[in-house]
Q: 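Quick one: this structure, given as structure tokens, is what I'll be asking you about.
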Amino acid sequence: MKAGEKSYTEMLEELTRLVDEVGREDCPVDGLETRVARAAELIRLLRERLKATEVAVKSVLSGLESAE
Amino acid sequence: MLSMAFPEPVWVRGVVALGRSKPGAGHTYFQIMDSCPEGSQTPASADCALFAGDRVRISREVGRMGLVFELQDGMEARFLVSPGIYERNGRFSYVVRGFDPDYTGAAEALHLKRLMEKLESEGVLGENGTLDFPLVPLNVGLVTAEGSAASEDFLQTLRESNYPFRVYAAWASMQGAETSGSVTRALVSLTGLSCLDAVVITRGGGSATDLAWFNDESIARTIAQLPFPVISGIGHETDMTLPDFAAHTRAKTPTHAGMILVDRVASFCDSLDNEIRKLHGSVIPRLNLERMRLSKCSSSLREMATRPAFGNLALISRATALIQGRVLPRLSGQNRTLDHLLSQLSRRVSERMTRIGAVLDRMDAETARRDPVRMLALGWTIALDSRGKPLKTVDSVNPEDKVSLRLSDGRLQTRVEKVEKD
């Protein structure tokens, strides 16, 4: 994770908040598009982070197995 | 007259001065001098004649005592003489009839005693004895007469030992007046050999007068200054000369001088053998013990090293399995969370849009329900005043006012006849 970049947890909290907001009646319709777009961006980033983590973990485990 | 005065032979004593005479088989002529002249006085002297017959007799008598009769320059002697006049030159002389070997020995002993006292007080006698005698004296300097029996006895002793002795000989005259200078030069010449372990000065047995030549101060001083320990083996066991006292070690004979060196080397070899045996007796078992301990330690170390390794490998395998079993599912769980959130987002947005649509639909319906055109079609009429504003009450209308009525298909321009309020 680079400096200034949001952590996985922070992004997940933001996504959860956005999902909650778009469902509420007090959320202005004009803001819906912006929120949904941000939520979609967060989902993409989170999926990428998960994928990268999974690849790294598998690589480490594969190294351990070959060392045995 | 002399024969009347000395009807019997008389004893005289003094120092022998042979001059040009060479004691041999025939008659010997020499002088006897006062041994202790006072001041710078010329010592008193008298001619002596030793005829061959007397010489043989005296030699035999002295020989029976185990001694050798030999006239030498400078020897202190006591002779039994018959005073007389030598007819050929008319000079007074003594005809030697007898010899006192005890006196000569005692005189020499006194001389030796005085020398020893002097050298002892100067520390000369003990000097060489302070040197350490090497443990393995294999390089030996030898001062003796070339080809002498003493030389051969000494060298033979070394040869028979089979030890690798190296002998550096400095041949010297070992009897007579040349002894002192020759022996001193020989000793000094050996100082150039730094490899030497010891020096042996030796000669065989001889008369007291023969050996007395070694009672020389310069020989003793030279020995004291040598950097090597000196073994002195001069004469027989009972003979004592000054080098015996000045040297590090006294040997009884030339053979004994060799044996001292051989015994020294043998002693070292024996001690070496003993040490080797001790080594075998103590160190080898110790080494075996240490080897066993080492082997045991090695086994333990191997066991200790491999046991944790196997344990660690198992631990690593378990950890790997745990990581695979926990981390990857967690990642999958997060993926499902994201799927869920996406689904929620989609659903909520959709619901929200649906709700907004419904509101709009209701508003549309209401709007449609309230549409005037629809009301007009139902038979309703909209009354407008002269300015075109809808009339909602009769209060603002007066008789004769023009009122326009809007119907579904057109307008009626009317005039108010009467206002009736409900």
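First the proteins, then the strands, lettered A, B, ... as listed; each starts at 1. Bear in mind that the values here come from a model prediction, so they are computed numbers and not experimental data.
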Q: Is B:Arg347 close to chain A through its backbone or its side chain, or both, or neither, when contacts mean heavy atoms under 4.5 Å?
A: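 For B:Arg347, there is no contact with chain A at all, as no heavy atom is under 4.5 Å.
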Q: Does a side-chain heavy-atom distance below 4.5 Å link B:Leu328 with A:Lys58?
A: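 Sidechains of A:Lys58 and B:Leu328: in contact.
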Q: Can you tell me if B:Asp395 has over 12 outside heavy atoms packed within less than 6.0 Å of its CG?
A: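 Yes.
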Q: Does any backbone or side-chain atom of B:Leu345 lie under 4.5 Å from a heavy atom of chain A? Answer side chain, backbone, both or neither.
A: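 Backbone plus side chain of B:Leu345, per the 4.5 Å heavy-atom cut-off to chain A.
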Q: Would one find more than 12 heavy atoms of other residues, nucleotides or ligands at under 6.0 Å from atom CG of B:Asp422?
A: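 Check fails, neighbour count at 12 or below.
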Q: Roughly how far, to the nearest 0.5 Å, is the OG1 atom of B:Thr337 from the CG atom of A:Leu50?
A: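 Rounded to the nearest 0.5 Å, the CG-OG1 separation comes out at 9.0 Å.
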Q: Say you draw a straight line from CZ of B:Arg330 to OG1 of A:Thr53; how long is it, rounded to the nearest 0.5 Å?
A: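 The distance works out to 10.0 Å.
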Q: Are the side chains of B:Leu342 and A:Arg47 in contact, using a 4.5 Å heavy-atom criterion?
A: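 Touching, per the 4.5 Å side-chain cut-off.
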Q: Salt bridge check: are A:Glu21 and B:Arg348 linked by an N-O gap of less than 4.0 Å?
A: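 Salt bridge absent between A:Glu21 and B:Arg348.
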Q: Output, in order, the C-alpha distance, side-chain angles, deciding distance and verdict of side chain to side chain contact (heavy atoms under 4.5 Å, CB included) for A:Cys27 and B:Arg352.
A: CA-CA 10 Å; A:Cys27 175; B:Arg352 182 78 194 278; 3.5 Å; yes
Q: How about B:Glu417: does its CD atom have over 12 heavy atoms from other parts shown lying under 6.0 Å from it?
A: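 No.
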Q: Is there a side-chain contact between B:Met353 and A:Leu32 in this structure, where contact means two heavy atoms from C-beta onward sitting under 4.5 Å apart?
A: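 They are in side-chain contact.
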Q: Heavy-atom cut-off 4.5 Å, strictly under: side chain, backbone, both or neither for A:Arg35 against chain B?
A: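 Contact with chain B involves no heavy atom of A:Arg35 at all.
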Q: Against chain B, label A:Val22 side chain, backbone, both or neither, depending on which of its atoms sit under 4.5 Å from a heavy atom there.
A: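 Answer is both: backbone and side chain atoms of A:Val22 are under 4.5 Å from chain B.
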Q: Rounded to the nearest 0.5 Å, what separates atom CD in B:Gln334 from atom CG in A:Leu46?
A: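 Between B:Gln334 CD and A:Leu46 CG, I get 8.5 Å after rounding to 0.5 Å.
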Q: Is the number of heavy atoms from other residues, nucleotides or ligands under 6.0 Å of B:Arg326 CZ greater than 12?
A: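 Atom CZ in B:Arg326 is not packed in, count stays at 12 or less.
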Q: Please classify the contact of B:Glu351 with chain A as side chain, backbone, both or neither, using a heavy-atom distance under 4.5 Å.
A: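 Neither part, no heavy atoms under 4.5 Å.
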Q: Between B:Leu338 and A:Leu12, is the side chain to side chain contact (heavy atoms under 4.5 Å, CB included) condition met? List the steps.
A: CA-CA 8 Å; B:Leu338 292 179; A:Leu12 189 61; 3.9 Å; yes
Q: Is it the case that atom CD in A:Glu33 sees more than 12 heavy atoms from other parts of the structure closer than 6.0 Å?
A: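 No, the 6.0 Å shell around CD holds no more than 12 heavy atoms from other groups.
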Q: Is there a side-chain contact between B:Leu341 and A:Leu18 in this structure, where contact means two heavy atoms from C-beta onward sitting under 4.5 Å apart?
A: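 A side-chain contact under 4.5 Å is absent here.
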Q: For B:Leu331, is it the side chain, the backbone, both or neither that has a heavy atom under 4.5 Å from a heavy atom of chain A?
A: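 Both backbone and side chain.
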